[in-house]
Amino acid sequence: DALEMCKKLYPAEKYPGGHPALAASLNKLGVLLKARGEYGKAEPYYRDALEMRKKLYPAEKYPDGHPHLAQSLNNLGGLLRARGEYGKAADALAESASMYDRLTAAFAEGGAEAEALNLAASLPNTRNLFLAATAHAEGAKPAEQYPVLWQSKSALARGLQRRRRLLRIVADADDAMRRKVQTLIDVRQDLARLVLAPARPGDADRAQLVQDLTEKKERLEKELAALLPASGRGTLSYPDLADRLPERTAFIDLYRYRDLDPKTRKWDDGHYAVFLLRKGRPIRRVELVDAAAIDKDLTEWRDGIVKDLRSDAAGRLRKAVWEPIAAVLGEGVDTIYICPDG
């Protein structure tokens with residue numbers, strides 16, 4: 001009933017690009033049908049909502065994307081993953097995860113730190129779905145998966161780092177430069193809040209305002225680029241890290257995630273995906289299948305250390321965690337750098 005009413009309130013002849021309320025109605029009906037296991041019926045609603053949101057939030061006006069668009073990609077990816085279409089699911093989820101990362105970083109630059117942390121905590125666990133889909137996708141390549149994950153761990157930190165660099169410049173600059181930097185901070189703040197605020201009646205001019213603020217932000221950033229040498233280089237990629245690793249060292253990046261059983265539609269107790277980087281070698285992915293048992297043994301081992309007791313958990317952890325990694329890591333490694341999770 002709500003969907004039919006939205007169609008009458010926002011007809012195509014008056015709203016050729018659709019309307020946020022209509023897209024939300026389509027999306028919510030898709031969510032309900034998916035929850036009931038009616039995947040075939042849910043998909044058209046998800047796709048209609050996604051196409052409408054692509055028109056409502058085009059890349060030329062929303063260069064970092066939009067939360068509603070990222071949500072639609074996430075929902076469609078989750079549906080495809082539940083149906084066992086892992087390759088298609090991974091594509092949609094990779095796009096959604098990258099968009100959420102850009103939005104988080106943009107908001108971290110402009111909003112208060114508490115607001116940025118709250119935003120990051122409120123986002124759907126797209127990374128989890130992406131890891132689950134790629135674990136099953138036929139022919140999935142770690143070199144294609146890892147760039148998505150590489151960005152996600154540091155999106156918030158990068159945004160906060162850029163803003164703090166700007167604030168340091170404000171402290172040292174002359175009055176004219178200080179005013180320009182403060183204007184950029186204000187513009188970023190206005191833009192972040194405008195993009196992330198829920199749609200309201202009378203918001204017809206919001207897209208134009210977003211575009212105007214984006215152009216102003218980019219102009220100011222170019223003028224200040226000379227003062228921010230690090231910001232102009234872009235983000236390093238994981239091959240850059242691999243190339244910088246000393247000889248006889250390796251980098252190990254862990255991600256804890258849960259997988260969904262397609263038959264019972266229940267989440268399991270978790271896995272660890274481990275990505276291994278060595279200089280001059282292709283990136284590898286290793287699955288540690290029983291995260292719950294690993295976590296339990298880790299707790300027991302730590303408790304034994306605190307009480308100065310010998311613990312059999314150490315041996316179980318070696319077998320469950322280190323031996324699968326060592327089998328893929330190969331010979332000639334003296335030093336391991338670890339980026340942990342969970």
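For this chain, numbers begin at 1 and follow the sequence in order.
- The backbone N or O of Leu69 lies less than 3.5 Å from no partner atom in the side chain of Ser72, so there is not a single donor-acceptor pair.
- Atom CG of Asp212 sits in a crowded spot, with more than 12 heavy atoms from other residues, nucleotides or ligands closer than 6.0 Å.
- Residues Asp1 and Met5 have side chains not in contact (no heavy-atom distance under 4.5 Å, counting atoms from C-beta outward).
- Considering only heavy atoms from C-beta on, Lys217 comes within 4.5 Å of Leu191 through its side chain.
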Report task. Apply salt bridge (Lys or Arg N to Asp or Glu O under 4.0 Å) to the pair Arg285 and Glu287, showing each step before the final yes or no. Result -> CA-CA 7 Å; Arg285 174 173 173 171; Glu287 294 294 309; 2.5 Å; yes
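- Screening Val321, Ile325, Val328 for a side chain to side chain contact (heavy atoms under 4.5 Å, CB included) involving Val274 leaves a single residue, Ile325.
- Of all the heavy atoms in Ala137 and Gly87, the pair that sits closest is CB-N, 4.1 Å.
- Trp322 and Leu254 end up in the same hydrophobic cluster when Ile, Leu, Val, Met, Phe, Trp and Tyr side chains are linked at under 4.5 Å.
- Side-chain contact check for Asn27 versus Arg53: some heavy-atom pair is nearer than 4.5 Å.
- A donor-acceptor contact shorter than 3.5 Å is absent between the side chain of Asp334 and the backbone of Arg248.
- The side chain to side chain contact (heavy atoms under 4.5 Å, CB included) test with Tyr238 is passed by exactly one of Ile283, Leu149, Asp243, Asp253: Ile283.
- To the nearest 0.5 angstrom, Asp297 atom CG is 9.0 Å from Asp290 atom CG.
- One hydrophobic cluster, built from ILVMFWY side chains closer than 4.5 Å, cannot hold both Tyr257 and Ile252; they sit in different ones.
- We find the CD-CD distance between Gln189 and Gln182 to be 8.5 Å, quoted to the nearest 0.5 Å.
- Residues Asp186 and Thr183 bring no donor and acceptor atom of their side chains to less than 3.5 Å of each other.
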Query raised in the report: Passes side chain to side chain contact (heavy atoms under 4.5 Å, CB included), Glu247 versus Lys279? Steps please.
Result: CA-CA 7 Å; Glu247 295 296 330; Lys279 186 173 184 176; 4.0 Å; yes
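- Under a 3.5 Å cut-off, the side chain of Ser98 and the backbone N or O of Ala94 do form a donor-acceptor pair.
- Heavy atoms of other residues, nucleotides or ligands lying less than 6.0 angstrom from CZ of Phe275 number more than 12.
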Report task. Check step by step if side chain to side chain contact (heavy atoms under 4.5 Å, CB included) holds for Tyr337 and Leu245. Result -> CA-CA 10 Å; Tyr337 294 98; Leu245 287 175; 4.2 Å; yes
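- A donor-acceptor distance shorter than 3.5 angstrom exists from the side chain of Arg81 to the backbone of Leu260, with no hydrogens or angles considered.
- When Leu129, Thr134, Val148 are each tested for a side chain to side chain contact (heavy atoms under 4.5 Å, CB included) with Leu93, only one passes: Leu129.
- With hydrogens and angles ignored, the 3.5 Å screen pairs no side-chain donor or acceptor of Arg284 with any backbone N or O of Leu276.
- Note that Arg256 lies in the cation-pi zone of Tyr272, set by a 6.0 Å cut-off to the ring centre and a 45° limit from the axis.
- Between Tyr62 and Tyr57, the ring center distance clears the sub-6.0 Å criterion.
- Counting only distance, with no hydrogens or angles, the side chain of Thr214 and the backbone of Val210 share a donor-acceptor pair below 3.5 Å.
- Contact detail for Ala89 and Ala133: the closest heavy-atom pair is CB-CB, 4.2 Å.
- To the nearest 0.5 Å, atoms CD1 (Ile294) and OG1 (Thr299) are separated by 12.0 Å.
- At a threshold of 4.0 Å, the pair Lys307-Asp303 counts as salt-bridged, since one of the basic side-chain nitrogens sits closer than that to a carboxylate oxygen.
- Ion pair Lys41/Glu43 not flagged as a salt bridge, since none of the NZ, NE, NH1 or NH2 atoms sits closer than 4.0 Å to an Asp/Glu carboxylate oxygen.
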Report task. Tell me, with the steps shown, if Tyr45 and Leu32 meet side chain to side chain contact (heavy atoms under 4.5 Å, CB included). Result -> CA-CA 10 Å; Tyr45 291 105; Leu32 171 65; over 6 Å; no
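- Tyr46 places none of its side-chain heavy atoms less than 4.5 Å from the side chain of Leu33.
- Counting only heavy atoms from C-beta outward, the side chains of Glu300 and Arg316 approach each other to under 4.5 Å.
- A pairwise comparison of heavy atoms in Arg281 and Leu329 identifies NH1-O, 3.7 Å as the closest pair.
- Using modelled atom types and a 3.5 Å distance limit, the side chains of Arg302 and Ser311 yield no donor-acceptor pair.
- Between the side chains of Asp259 and His136, at least one donor N or O lies within less than 3.5 Å of an accepting N or O.
- Using a cut-off of 4.0 Å between Lys/Arg side-chain N and Asp/Glu carboxylate O, Asp190 and Lys216 are scored as not salt-bridged.
- Note that CZ of Phe251 is 10.0 Å distant from CD1 of Ile338, once rounded to the nearest 0.5 Å.
- Leu209 is connected to Leu103 through a chain of hydrophobic side-chain contacts under 4.5 Å among Ile, Leu, Val, Met, Phe, Trp and Tyr, so both are in one cluster.
- Under a hydrophobic clustering in which Ile, Leu, Val, Met, Phe, Trp and Tyr are joined whenever their side-chain heavy atoms come within less than 4.5 Å, directly or via other members, Met99 and Leu79 fall into the same cluster.
- Summarising the geometry, atom CZ belonging to Arg47 is positioned 4.5 Å from atom CG belonging to Leu76; distances are rounded to the nearest 0.5 Å.
- The two residues Gly30 and Ala42 have their closest heavy-atom pair at O-CB, 3.5 Å.
- Ala250 and Arg278 make their closest contact through CB-CG, 3.7 Å (heavy atoms, listed as atom of the first residue, atom of the second, distance).
- Using cut-offs of 30° and 60° for the angle between ring planes, the Tyr255 and Tyr146 rings count as perpendicular.
- For the residue pair Gly18 and Leu56, the shortest heavy atom distance occurs at O-CD2, 3.5 Å.
- Side-chain atoms of Thr249 never come within 3.5 Å of backbone atoms of Ile336 as a donor-acceptor pair (strictly under, hydrogens ignored).
- Taking OH of Tyr100 as the start and CG of Asn125 as the end, the distance is 11.0 Å to the nearest 0.5 Å.
- Checking side-chain atoms of Asp240 against main-chain N and O of Ser237 turns up a donor-acceptor pair under 3.5 Å.
- Under the 4.5 Å side-chain contact rule for hydrophobic residues, Leu277 and Val333 do not share a cluster.
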